[in-house]
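Scroll down for the structure; my scribbles are underneath it.
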Amino acid sequence: MVSVPALAACSGPLSTLDPAGASAGLIAGLWWVMLLGAALITTFVFALLLLAWWRKPAVGPDERVWTMGLGVGFTLTVLVGLVGYGFWVGERIVARDDGALRVSAHARQWEWEFTQPGPDGAPLVTQDVLYIPAGRPFDIEITSSDVIHSFWVPRLGGKMDAVPGRTNVARLMADAPGIHEGLCAEFCGIGHSVMRFTVVVYEEGAFPDLSEIAAETGEQP
Amino acid sequence: MTDTTPPSPMAPTTALHSGPEAETTIRANAGQRALRLHRELTEVWADLPGLRGVFMSVNHGTIGRRFMATAFVFFAIGGVLAMLIRAQLATPRGDFLDTALYNQIFTMHGTIMMFLFAIPMLEGLALWLLPKILGARDMAFPRLSALGYWCYLFGGTTILLSLLAGVAPDSGWFMYTPMSGRVHTPGINADVWLLGITFVEISAMAAAVEITVTILRCRAAGMALTRMPLMGWYLLGTSVMMLVGFPPLILGSILLEVERAFDWPFFDVARGGDPLLWQHLFWLFGHPEVYIIFLPAAGALSTLIPILSRTPILGYGAVVASVLGLVFLSFGLWVHHMFAVGIPNMALGLFSAASALVAVPTAVQVFVWIGTMWKGRPELSLPMLHVMGFFLTFVMGGLTGVMLAIVPFNWQAHDTAFVTAHLHYVLIGGFVFPMMAAITYWMPLLSGRWRVSGLGEAAFWLIVVGFHGTFFIMHLTGLLGMPRRIDIYPDNPEWVLPNLVSSIFSMVLAMGFALFAFDIAMQALFGRRSQRNPWQAPTLDWAMALPAPAYNFASLPGPGKDEAGALLALARGEGLVPGAPRGWRETLVVEPGTGRPDHVAALPTNTMLPLATAAVIGSFFALMLAGLYVLTPLAIAAIIAMVWRWGAVMGTDRDHPPVEAAPGLALPLHWHRRTTLAYGGAVATLVADATLYACLIFGVGFLSVVAPGWPAPPSGLPAFLAAALSCLALAALLAGSVAARRVEARRASPAARPTAMIGVAAGLVAVVALAGVGFALDDPRRHARDALRGVLLGFALVHAVIATLFALRAWADARAGRLGATRRGAAPVWRLWQDYALATTAASALLVGLQEAL
């Protein structure tokens, strides 16, 4: 019950803790597990530390309990479990060659140019707004023409850098129609703070009216 | 490691000496009047009075204190910049700073804290402390300590002045290309960083070389490596990491500066470069750097916790093993700073596992420290309070570090305030708290005074509350999506409250640090005189008067006199090499492993040379910064002239009688030994140099395999001419190697001098032939391949020139009568360098040959 206000504090248009897609959801789950584990370990270590002040000296566990037992054994057990879990999550969210919808994001100082299927299915080029259908995984090809930027829609999933000279691919999916915010996460100069964009998620087959969206987001299609 | 009994700090009877029986036979010198010895030694070891003392001191105590004081000034400046950042971010539409200035300020905050505070601080602590805990009178290379300090001061001041002039670096402290390249940073902002930091890093390399050699060779007689105080192991790990960790950064900085200045494309995608090469080189340095900072701090903890808990440390062997583990692992995880650049998932998994694994040796140490406290009776003195601050902070920083090692979570948290929070937990927890513990612990030794009660505790609580208030909530700010390095966030009301909280508590934190500084100043000025060994520590650093005298020990510690209880015996001259009867600064040099006495080194005394050398090196960097490239050869000539003079005191034209270090223990002076401290320093320097070369080869491989703009355009290299000139250069270098060997073999005969001249001539032929290859190369501005060939050639040329200078030195030694049956002059180091130049030049020629053939 205590967690309800805490969870409310976690929402926000750019919150990684308020996932709106499979990838972000898996990572948020990973975070909560790690937070719980970290809280337990911190409590345990601090308890050991406090006990050092209140107990009689010279009667205590053997040296090997501290070094091999806690230092190596305990730590390694936790790490193996966590790295395995992390790898499992990673395998489920990376791009695969399965013919998913492909869109592209091209970054330059300090704007985003997106190419995606338009209302008629033909490629549509837009500025700072990305249109994607709900409930369908898509791969986004991320490129840059000047410096390094980073494509990030926190509520959908992790970030991927836009590096001049290469094309990086990220796999994302949005659960339901709606509007999400995205930003450039890699410092890219004077305009870094305002290098934002919007992701419009529409019901498959019902491409939104561009002028309506423009009015809502303040962006020009 | 398991079969060694740890040194028992609490039992004065358990001496550090272990092995061969020979050592236990070292007899005590006859006792003398301590005051007479003190006067004799002070005469020889003290800095000169007045301004000459300021400019000419080479004493480790003076230089170490200067490093620490200067680092603290930079810490205060970096802290003021942090306050400006927090003031800007306190409100969503902060118009306190404009964006351009804000970018300079956060870049400078990171740069100052990393390069001008943390590294110099640990160097200062190591320089000041190391000889004291190892039982030596000074560091192995006193002039190098001073040179490092002046380079640090000049370089750091230049960087700082750029901020006042409004042209400070503004691409973030890791200077990613292409942002830091000429197109996107046309001003000198990036040059200030690249040249200034490289200038400052001379001090890091100098410290790395001399810490390594000092630990391996300047210990108390009979102090085996396996029994030296843990701080020795930590600093050895640190210095080895610095030797191998800094060269990638230095190479990266050179390449980027050459790209900016001369348009050679290493990072330009259109011409075969790759911005990711910069990231690899930077983080190959940048991640080990974190452990370079952490290890000395952990060393302080491993020293302080047992002493303040009145018990020996639990698990000496386990601690040494985890130090070695950290050194090894820390070089395998730089890619975790690059999880989002588009690296295949399998490779990411490997680096993720390695990054997580580094938590194991760290955890071992944390549990050893807690176990030590369980075993002993901890006392809540001020240093111990800071140790508790370390635990409170660092444990959480370590856990968020493990979180960030998990790739999918990293993809979300990377480049957000979560990372800012994590790195401050690790650096303030893992470095600043232990350093505050160390400073409050060693202040009596530094100043001779005891603390003024009350203030220190208040400062501690302000720092703890201020720190956690600022940074704990920043984890949440990051998870709510706030990226690093933004200056406004008008559309994100959910970030307002956490940012305001951070900004308010950051002021508390700043007050805490100010009070800490005030407390230290009060102690230095008004504290009552401290009693000797105020913590009742068993270690050698307290076996001396307070404050520590310039010479540390009136006679040097040895078996049976290697802990704090030996204070009076050492002061009376009962240890080894008592006093300064020859008027030289003498210290004992031992065999690296066993600690068996090997020879006595006469160290250089007060001199202007380090300052003058730093000044001419500074003139080179200043000319580069001003773009006056045509004038730089003048600066290089001046540097060569200065360095030439360094060699002048490094030889002797007569045979010296052995020194009676103890009754029946006659040791030669260093001029009569082949493996001198200087030889060790040359080996350490070549380790660093070889790392730089390996990084260069990595760069060639990385770009040819990974960069998009390959294959390179057809090579216009005239195959026959280039091959002929290369073979001529290699043959000449080989001839130099033979000459170096002959000179050393014939050192006692008149033939040495003409043989050395043959070496000089061979060196000149090599230099001319290599310069000839330069004219045959394709325009380096055309493609990264051609640019890298230019760098390989430049590397070979520089090494051939230095080899020639060594040959000339050997010739000068022969002419001045500095060679003899037991006196080798510079010949052994010449041979070492000549062989290295030959090997690297041959490898480069082979590499280019393969490129041409394939």
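This structure is a prediction, so every number in the text was calculated from the model and none was measured. Naming convention: chains lettered A, B, ... in sequence-line order (proteins, then strands); numbering from 1 in each chain.
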Tell me, for A/Asn168 versus chain B, whether the close heavy atoms (under 4.5 Å) come from the side chain, the backbone, both or neither.
side chain
Check: B/Asn103 and A/Phe187 side chains under 4.5 Å, non-hydrogen atoms:
yes
What about the rings of B/Phe391 and A/Phe46, do their centers lie closer together than 6.0 Å?
no
Is the A/Trp152 to B/Trp411 ring centre distance short of 6.0 Å?
no
Does any heavy atom of chain A fall under 4.5 Å from the side chain of B/Val360, the backbone, both, or neither of them?
both
Could you pull out the closest heavy-atom pair between B/Asp415 and A/Ala185, with the gap in Å?
CB-O, 3.2 Å
Of the listed B/Thr185, B/Leu348, B/Leu276, the one with the largest count of heavy-atom pairs under 4.5 Å with chain A is B/Leu276
Side-chain touch A/Ile148/B/Gln279, heavy atoms, less than 4.5 angstrom:
yes
Any side-chain heavy-atom pair from A/Leu14 and B/Leu480 closer than 4.5 angstrom?
no
Could you pull out the closest heavy-atom pair between B/Pro408 and A/Gly90, with the gap in Å?
CG-N, 3.5 Å
Contacting moiety of B/Glu379, where chain A heavy atoms sit under 4.5 Å
backbone
Residue selection (most heavy-atom pairs with chain B, distance under 4.5 Å) from A/Gly86, A/Ser23, A/Gly84
A/Gly86
Taking atom NE2 of B/His184 and atom CD1 of A/Ile190, what is their separation to the nearest 0.5 Å?
13.5 Å
Measure distances from A/Ile93 to the heavy atoms of chain B and classify the residue's part below 4.5 Å as side chain, backbone, both or neither.
side chain
Smallest heavy-atom separation, B/Asn410 atom then A/Lys159 atom, equals O-NZ, 4.5 Å
Chain B contact via A/Val83 - which portion, at a heavy-atom distance below 4.5 Å:
both
What part of B/Phe418 gets closer than 4.5 Å to chain A, counting heavy atoms only: side chain, backbone, both or neither?
side chain
When heavy-atom pairs shorter than 4.5 Å are enumerated against chain B, which of A/Leu35, A/Ile41, A/Leu70 gives the highest number?
A/Leu70
Pick one of side chain, backbone, both or neither for A/Val163, based on which atoms fall under 4.5 Å of a heavy atom in chain B.
side chain
Which bit of B/Leu399 comes within less than 4.5 Å of chain A, counting heavy atoms only: side chain, backbone, both or neither?
side chain
Side chains of B/Leu479 and A/Ser15: closer than 4.5 Å at any heavy-atom pair?
no
Is B/Thr416 close to chain A through its backbone or its side chain, or both, or neither, when contacts mean heavy atoms under 4.5 Å?
side chain
Side chain / backbone / both / neither for A/Gln109 at chain B, heavy atoms under 4.5 Å:
side chain
Can you say whether A/Ala24 sits under 4.5 Å from chain B via the side chain, the backbone, both, or neither, judging by heavy atoms?
both
At a heavy-atom distance under 4.5 Å, which candidate from B/Met396, B/Met388, B/Gln365 has the highest pair count against chain A?
B/Met388
Any B/Gln412 side-chain heavy atom under 4.5 Å of A/Trp31 side chain
no
Quick one: what part of A/Leu183 sits under 4.5 Å from any heavy atom of chain B, side chain, backbone, both or neither?
side chain
Region of B/Val269 that comes under 4.5 Å of a non-hydrogen atom in chain A
side chain
Side chain from CB out, backbone as N, CA, C, O: work out which of these in A/Leu30 comes under 4.5 Å of a heavy atom of chain B, or both, or neither.
side chain
Tell me, for B/Arg484 versus chain A, whether the close heavy atoms (under 4.5 Å) come from the side chain, the backbone, both or neither.
backbone
Taking side chain as C-beta onward, heavy atoms only, is A/Phe87 less than 4.5 Å from B/Met346?
yes
Enter the distance from B/Ile488:CD1 to A/His192:NE2 here, rounded to the nearest 0.5 Å.
11.5 Å
Which bit of B/Ile406 comes within less than 4.5 Å of chain A, counting heavy atoms only: side chain, backbone, both or neither?
side chain
Closest heavy-atom contact between A/Gly71 and B/Ala363?
O-CB, 3.9 Å
Which residue out of A/Val89, A/Ile27, A/Asp18 racks up the most heavy-atom pairs below 4.5 Å with chain B?
A/Ile27
Region of A/Asp146 that comes under 4.5 Å of a non-hydrogen atom in chain B:
both
Heavy-atom proximity to chain A below 4.5 Å, by part of B/Asp274:
side chain
Heavy-atom pair count under 4.5 Å with chain A, highest-scoring of B/Thr372, B/Asp98, B/Leu392:
B/Leu392
Where on B/Leu497 is there a heavy atom nearer than 4.5 Å to chain A: the side chain, the backbone, both, or neither?
neither
With a 4.5 angstrom heavy-atom cut-off, which part of A/Val194 approaches chain B: side chain, backbone, both or neither?
side chain
Looking at B/Thr177, B/Thr99, B/Asp491, B/Val319, which one has more heavy-atom pairs under 4.5 Å with chain A than the rest?
B/Thr99
To the nearest 0.5 Å, what is the distance between CD1 (B/Ile370) and CG (A/Leu51)?
10.0 Å
Option that, when pairs with chain B are counted at under 4.5 Å, heavy atom only, ranks first among A/Arg166, A/Met68, A/Met160:
A/Arg166
Could you report the tightest heavy-atom contact between A/Pro13 and B/Glu494, atom names first, then the distance?
CD-OE2, 3.3 Å
Of the backbone (N, CA, C, O) and the side chain (C-beta and beyond), which part of B/Trp369 lies under 4.5 Å from a heavy atom of chain A, both, or neither?
neither
Is there a side-chain contact between B/Tyr102 and A/Ser193 (heavy atoms, below 4.5 Å)?
no
Which portion of B/Val706 sits near chain A, non-hydrogen atoms under 4.5 angstrom
both
Before you tell me yes or no, could you show the steps for B/Met373 and A/Trp53 under side chain to side chain contact (heavy atoms under 4.5 Å, CB included), namely the whole-Å CA-CA distance, both residues' side-chain angles and the distance that decides it to 0.1 Å?
CA-CA 8 Å; B/Met373 289 176 60; A/Trp53 295 91; 3.6 Å; yes
Going by the angle between their ring planes, with limits at 30° and 60°, are B/Phe367 and A/Phe44 parallel, tilted or perpendicular?
tilted
Could you look at A/Ser150 and say if it's the side chain, the backbone, both or neither that has a heavy atom under 4.5 Å from chain B?
neither
Given that the side chain runs from C-beta out, which part of B/Pro378 has a heavy atom under 4.5 Å from chain A: side chain, backbone, both or neither?
both
Portion of A/Leu79 that has a non-hydrogen atom of chain B nearer than 4.5 angstrom
side chain
From A/Glu91 CD over to B/Asn345 CG, what is the distance, rounded to the nearest 0.5 angstrom?
5.0 Å
Among B/Leu380, B/Val366, B/Leu357, who wins on heavy-atom pairs under 4.5 Å with chain A?
B/Leu380
Contacting region of B/Met338 [heavy-atom separation from chain A under 4.5 Å]:
neither
Which is it for B/Val395 and A/Leu49 under the side chain to side chain contact (heavy atoms under 4.5 Å, CB included) test, yes or no, and what are the steps along the way?
CA-CA 11 Å; B/Val395 169; A/Leu49 195 60; over 6 Å; no
How about B/Trp374 and A/Leu48: do any of their side-chain heavy atoms sit closer than 4.5 Å?
yes
Let me confirm one number: the CE-CG distance from A/Met34 to B/Leu404, rounded to the nearest 0.5 Å.
7.5 Å
